[in-house]
Amino acid sequence: MTLIQVINPNTSLAMTETIGAAARAVAAPGTEIIAVSPSQGVPSIEGHFDEAIAAIGVLEQVRRGKAQGVSGHVIACFGDPGLLAARELASGPVIGIAEAAMHAATLVATRFSIVTTLPRTLIIARHLLQQYGFTHHCAALHAIDLPVLALEDGSGLAQEKVRQQCLQAKQQDGSGAIVLGCGGMATLARELTHELGMPVIDGVSAAVKMVEALVALGLGTSKHGDLDWPIAKPLSGAFQHLN
Ligand SMILES: O=C(O)C[C@H]1NC(=O)NC1=O
């Protein structure tokens with residue numbers, strides 16, 4: 001049995017449900033998905049301040065997942081908050097949905113577009129493209145200019161704006177694939193792929209399959225070098241639970 005902890009780093013449980021559903025839709029028969037959110041933190045992640053807060057919650061959940069004996073972890077926020085810190089804590093693989101979606105896109109297209117929520121978070125995606133070495137693979141980045149939680153308001157407006165933005169990207173960007181830039185968009189990928197006739201990639205699904213593949217290969221996070229366990233020291237105050 002492969003047990004994969006899928007962490008929604010924001011505290012909006014409706015989005016955790018959406019993310020969990022996308023993960024379960026692609027999980028292999030022998031894989032169980034545990035979808036979680038931090039016990040405290042930020043309801044949506046829409047900038048650097050939110051990411052810093054969310055990263056602590058990610059670490060809290062990775063620590064909890066380790067104690068539960070999970071095989072690997074997915075960080076289901078397009079900023080991949082706390083990814084390297086989580087890898088220091090984890091023994092199994094830790095995959096962020098942005099890196100997963102970007103890697104998948106480069107395997108099926110020479111260039112991809114990104115469609116995310118607020119314009120101010122585009123810089124976060126740009127930083128990740130640089131960090132992961134994909135800057136030259138990304139043809140364009142777009143934002144629907146709606147807040148993250150608009151994806152959970154039940155109106156369908158955000159979903160329609162994602163669809164329109166994907167159509168526009170297909171017509172204008174010259175890219176062969178589109179990456180959905182939010183965990184809350186996870187359940188839109190299959191329908192958009194069908195409608196657009198091109199790969200529209202959700203990082204939650206991609207990350208789940210990558211964790212499964214790494215586990216099947218017997219590959220966990222390297223503890224040789226800079227992702228070794230954190231240096232033990234007495235954490236105080238609000239961080240004591242991370243000791
Ligand atoms: O950066 C974004 O727009 C999306 C990002 N924020 C969030 O709360 N979950 C996410 O995937």
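In each ligand, atom 1 is the first atom listed, and ligand 1 is the first ligand listed.
- Here T116 has side-chain heavy atoms under 4.0 Å from ligand 1, and that is the only part of it that gets that close.
- Using a 4.0 Å cut-off between a side-chain N of Lys or Arg and a carboxylate O of Asp or Glu, R63 and E60 do not qualify as a salt bridge.
- Using a 4.0 Å cut-off between a side-chain N of Lys or Arg and a carboxylate O of Asp or Glu, E46 and R120 do not qualify as a salt bridge.
- S44 and N10 share no donor-acceptor pair across their side chains, judged by distance under 3.5 Å alone.
- Considering both main-chain and side-chain atoms, C77 never comes within under 3.5 Å of ligand 1 through any nitrogen or oxygen pair.
- Counting heavy atoms from C-beta outward, F49 and V42 have side chains that stay 4.5 Å or more apart.
- A distance of 11.0 Å separates CG in L146 from SG in C182, rounded to the nearest 0.5 Å.
- Taking distance alone, with nitrogen or oxygen atoms compared against 3.5 Å, E46 stays at or beyond that limit from ligand 1.
- Considering backbone and side-chain N/O atoms, N10 comes within less than 3.5 Å of an N/O atom of ligand 1.
- No N or O atom of I97 sits closer than 3.5 Å to an N or O atom of ligand 1.
- With 3.5 Å as the limit, one finds a donor-acceptor pair spanning the side chains of T16 and S37.
- Close N/O approach between G183 and ligand 1 is found [any backbone or side-chain N/O within under 3.5 Å].
- Residue contact annotation: L118 has no non-hydrogen atom under 4.0 Å from ligand 1.
- Numbered from 1 in the order shown, with element, the atoms of ligand 1 that lie under 4.0 Å from a heavy atom of S44 read 8 (O).
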